[in-house]
There are 2 protein chains.
Amino acid sequence: MSLSIKDVAKLAGVSVATVSRVMNKKVFVKEETTKKVLDAIEKTGYKPNAIARSLKVKNTKSIGIIIPDISSHFFPDVVRGIEDIANEYSYNIILCNTDLNREKEKEYFDVLVEKQVDGIVYMSNTITDEIADKMASVGIEILLISTDYKELSSITIDNVKAAEDAVKYIISKGVRDIALIGGEMTDPNAGLPRFNGYVKALSEAGISINKDYILEGNYKYESGYEGAKKLLSLKQRPRAIFAASDEMAIGVIRAGLESGYRIPDELMVVGFDDIDMSRMVYPSLTTISQPLYEMGCEGMKLLAKKLHGEKVEQFKIVLEHKLIIRESC
Amino acid sequence: MSLSIKDVAKLAGVSVATVSRVMNKKVFVKEETTKKVLDAIEKTGYKPNAIARSLKVKNTKSIGIIIPDISSHFFPDVVRGIEDIANEYSYNIILCNTDLNREKEKEYFDVLVEKQVDGIVYMSNTITDEIADKMASVGIEILLISTDYKELSSITIDNVKAAEDAVKYIISKGVRDIALIGGEMTDPNAGLPRFNGYVKALSEAGISINKDYILEGNYKYESGYEGAKKLLSLKQRPRAIFAASDEMAIGVIRAGLESGYRIPDELMVVGFDDIDMSRMVYPSLTTISQPLYEMGCEGMKLLAKKLHGEKVEQFKIVLEHKLIIRESC
DNA sequence: TTGTAAGCGTTATCAG
DNA sequence: CTGATAACGCTTACAA
C-alpha cells in the first residue's frame, strides 16, 4: 500500500538518509543525487509519513483550538483567523467544542496533550487555577483569546471601554433613558466589564442608574427578545437599549418592531460584536466591532512566535474595538 | 520533561509491555500488577504519546475536514455535527479552509495524507476526476457532504425537490409572478438543481418561464440585495422571490423593505438553508431547511462505520429537507 | 500472566 | 557528500 522512504531509497539507489536529506534540504546533497531522488519520489508518488517524522523531531505542526461551540456566531471568524495564520506557518488546527463543559474541556485537553500538539488556543470557559496548573504541568504553549489569566499569553479587547463607548454614543444622541441587557455578571470576561462600562458612561454623564433598566441575558437571541419585551412594558420605557451581544440586540430589534416602535426614532438599539449578521438585518445594527478575525490572526501569530522561540515583548495584546454606526442608532 | 512508558514501567517494577497492556486492556493482566501500574501512572501523571502509538498501530484517530470557509453560514453547523459524532467515536477533527481554491485544496489534501488521517470529510469544490483519482490512490476513506461523485460515499439532500417544494408553496399562495435568484448554473451541487426545481414547479403549474425573472447570484447577501433591486425595478415586478440561499433571501428582504414593499403582503420571499439567522430577521424568513447538523452527524457516522470495517448497506444518503414557514411568505 | 525484542518510518549522529 | 545505524515511544508476536 503506502510506500516508505526505503522504497524511494532503493529505487533511487541511495540510502534512506540521503532521501531524507533531499526532502528536508538542510544539508547539501550533490545535484545529481538530488535529481535521482526527486525522480524516484515523483515516480512512486511517495508522501512522507508525518507521524513518523513527528515522533523523531518532537513536534507535530498541529495546534489545538478549544472553544465552546463553533456554531456560535462569535467563533467561526476567529477560528478562520487562526487557521489562516496557522496555515502560513504550516500548522494544522484540531478543533474541539466543549459546550463550556468542564469535563469535556479536560478530556479534550488530555487528548491534545497526548496527540502532542505544539500549542493550544483556548477560548472556552474562564480559566481556573486547576486548569492553569494542568496547562503549566505539560510543556505546551498556551494562548488565550477573549479571556485572561496571570502570566499566560492572551488576546483581548478592552470590554469596559468598548461598552462605555457604545453608551456614550447613545448619550451623544441626546438620549438618557438607556437600558442594558448584559451578559452574566458572573462572567468576568465579558458580562462584568460591559456592565461596568455601561455604569461608567452613565455616571460620567451624570445619569443615575435605574435598576429596572438593567437586565441579565445569556448573549442569545431569545434573551434579548425577552429582555426587550420586559423593558418595553415598563411604565417608563427606555428610549435606547444597549445589548451586550449582537444576537441579543437583534432580538431587541424584533421585540421593538413587533411592539410597533420605529427604530431608531422611537427606540435606539446598539449591539456588541459586529457579527456578520448585524449588517444584514433591517434596520442594520449599530454595534461595537470586535476584530474577530484579527483576534484569531494576532493570537496565532503570537503563538507561532513563541513556538519558534522568538522573544516576544508583548504577550498580552489588547486589540482595538470600533464603534460601527449603522441604522439602529 | 515529558516521561515515557519506560519511566512508568520502571517505577511500577514491570516491563513496558505490561504497562502497555494495562493501558489498552486487551490482554488480561493480574489485578495486583494492574494496580501497581495504575499507581505509577497516577503518581507520574504519565500521558501516553499518541504519535508513537499511531506509528505502530497505523491509525491516528484523526479525520480531516475540507471546507471552503468556516465563516460561511453554512458550515459551522455541519462541522459541529461531524465533531460531535467524531468525538463519540474518539476521533479528532483537523479543519481545513480552502476558499474553494484548487491549489489550497490540493495542499491540504496532501498534508492530511501525510499526517495519516483515518478519513476525510470533503465539502469543498465539486469533485473533478483528477481529485477523485488522487483520493483513490491514497488508501484514505472519503466522505462527501453536499456533493456527490461516482462510487464515493455521500450525504446530500434532494435539491431539485426542495426548490420545487419551495416554489410550489409560493404558488399555493396564489402567486404566479415568481422570480428566482439562484446559484451559479455551473454549480452542479446546488445552483443547477435548484434552478431545475424552480422550473419544474412552474411548469407543472402551467406557468410560463419569464427569463427576466431568473437571476444568477453567488449565495451571498449582496448578490441577493442587488438581484432584488433589479427585479423590483422591472416594469412588471415579481410578487415573490425565491432565493437559493438564506443570505441572499435576507438581502432580498432588505431590498424589498427599502423600496417600501410590505413583506409578505406585497412581496413574498423564500430562502434556502435555514441558517440560524433566518429565524432572527424581521420579518423572519420562510425557507427550506437543510438538516445541517444532521448532515454532519450522519456523514461522520457513515465514515466511522466504514473505518471500523462495518458493512454499510447505504453509502449514498439523501436526507430530508423541510419547508419552514415563517413570516416572509 | 509477563518479559524480550522486533519493528513502525523518520531524522540525526558519526564515520568514511 | 553519503551510508550505517541508533534512536523516537509505543505495540505485539513470541517465548518463558
Side-chain angles (χ1 to χ4, degrees), chain A residues 1-38 40-41 44-62 90 110-111 113-118 138-139, chain B residues 1-38 40-41 44-62 90 110-111 113-118 138-139:
Chain A
M1 172 133 308
S2 89
L3 57 198
S4 84
I5 198 173
K6 271 188 198 159
D7 305 295
V8 178
K10 196 172 301 171
L11 183 62
V14 300
S15 74
V16 296
T18 300
V19 176
S20 172
R21 282 192 274 255
V22 341
M23 296 198 36
N24 299 308
K25 44 186 93 191
K26 295 274 84 183
V27 186
F28 202 84
V29 179
K30 214 201 310 178
E31 184 142 354
E32 196 189 321
T33 324
T34 304
K35 198 158 174 318
K36 281 194 300 189
V37 173
L38 259 20
I41 291 178
T44 55
Y46 164 73
K47 297 252 186 317
N49 181 327
I51 296 295
R53 170 164 219 284
S54 288
L55 181 57
K56 185 67 187 169
V57 301
K58 291 171 169 336
N59 70 237
T60 52
K61 287 295 182 181
S62 297
S90 305
D110 284 344
V111 179
V113 171
E114 293 181 7
K115 290 204 171 172
Q116 317 290 122
V117 295
D118 298 340
V138 302
Chain B
M1 171 132 307
S2 90
L3 57 200
S4 85
I5 197 172
K6 270 188 199 159
D7 305 295
V8 177
K10 196 172 302 170
L11 183 63
V14 299
S15 74
V16 297
T18 300
V19 176
S20 171
R21 282 191 273 256
V22 341
M23 297 197 36
N24 298 308
K25 45 187 94 190
K26 295 273 84 180
V27 186
F28 202 84
V29 179
K30 213 202 309 177
E31 184 141 354
E32 196 190 321
T33 325
T34 305
K35 198 159 174 319
K36 281 194 298 189
V37 173
L38 259 20
I41 291 179
T44 55
Y46 165 72
K47 297 252 185 320
N49 182 325
I51 297 295
R53 171 166 218 283
S54 288
L55 181 57
K56 185 67 189 171
V57 302
K58 290 169 168 336
N59 69 235
T60 53
K61 287 295 183 184
S62 297
S90 305
D110 284 343
V111 179
V113 171
E114 293 181 7
K115 291 205 171 171
Q116 315 290 122
V117 295
D118 297 342
V138 302

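Remember, predicted model here, so these are calculated numbers, not experimental data. The sequence lines fix the lettering, A, B, ..., with proteins before strands; numbering per chain opens at 1.
- Side chains of B/Thr44 and B/Asp7 form no contact here, defined as non-hydrogen atoms less than 4.5 Å apart.
- Checked against side chain to side chain donor-acceptor pair (under 3.5 Å), B/Ser54 has no partners two or more places apart in sequence or in another chain.
- A straight line from CG of A/Asn59 to P of C/dA12 spans 10 Å, rounded to a whole angstrom.
- Within the 4.5 Å cutoff, side-chain heavy atoms of A/Val29 are placed close to those of A/Thr18.
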Could you run down the sub-3.5 Å N/O contacts of the protein with nucleotides 7-9 of chain D?
| from | atom 1 | to | atom 2 | distance (Å) |
| --- | --- | --- | --- | --- |
| D/dA7 | N3 | A/Lys56 | NZ | 2.9 |
| D/dC8 | O3' | A/Lys58 | NZ | 3.0 |
| D/dG9 | OP1 | A/Lys58 | NZ | 3.1 |
| D/dG9 | N2 | B/Ala52 | O | 3.3 |

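- Summarising the geometry, the separation between NZ on A/Lys25 and P on C/dT10 is reported as 17 Å, rounded to the nearest angstrom.
- Here the closest heavy-atom approach between residue B/Thr60 and residue B/Val117 is recorded as OG1-CA, 3.5 Å.
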Are there any protein N/O atoms within less than 3.5 Å of an N/O atom in nucleotides 1-3 of chain C, and if so, which ones and at what distance?
| from | atom 1 | to | atom 2 | distance (Å) |
| --- | --- | --- | --- | --- |
| C/dT2 | OP1 | B/Thr33 | OG1 | 2.1 |
| C/dT2 | OP2 | B/Lys30 | N | 2.8 |
| C/dG3 | OP2 | B/Ser15 | N | 3.0 |
| C/dG3 | OP2 | B/Ser15 | OG | 3.0 |
| C/dG3 | OP2 | B/Thr18 | OG1 | 2.5 |
| C/dG3 | N7 | B/Arg21 | NH2 | 2.5 |
| C/dG3 | O6 | B/Arg21 | NH1 | 3.1 |

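- Sorted by first then second residue, the salt bridge (charged side-chain N to carboxylate O under 4.0 Å, His left out) pairs that include residues 16-32 of chain A, not counting sequence neighbours, number zero.
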For residues 45-53 of chain B, please give each side-chain donor-acceptor pair under 3.5 Å, one per line with the distance, not counting sequence neighbours.
| from | atom 1 | to | atom 2 | distance (Å) |
| --- | --- | --- | --- | --- |
| B/Asn49 | OD1 | B/Ile51 | N | 2.8 |
| B/Asn49 | OD1 | B/Ala52 | N | 3.0 |

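- Rounded to whole Å, atom P of D/dC1 lies 16 Å from atom NZ of A/Lys26.
- Considering OG1 of B/Thr34 and CZ of B/Phe28, their distance stands at 6.5 Å, rounded to 0.5 Å.
- For the atom pair B/Met23 CE and B/Leu38 CG, the distance stands at 9.5 Å (nearest 0.5 Å).
- Nearest heavy atoms, A/Ser15 versus A/Ala9: C-CB, 3.8 Å.
- The distance from the CG atom of A/Leu55 to the CG atom of B/Leu55 is 6.0 Å, given to the nearest 0.5 Å.
- Atoms CG (B/Asn24) and P (D/dT12) sit 7 Å apart, rounded to a whole Å.
- Atom pair A/Lys115:NZ and D/dC10:C1' shows a separation of 16 Å (rounding to whole Å applied).
- Bending across the helix from C/dT1-D/dA16 to C/dG16-D/dC1, expressed as the angle between its end axes from five pairs apiece, amounts to 40° (10° rounding).
- The CD atom of B/Gln116 sits 6.0 Å away from atom OG of A/Ser2, with the distance rounded to the nearest 0.5 Å.
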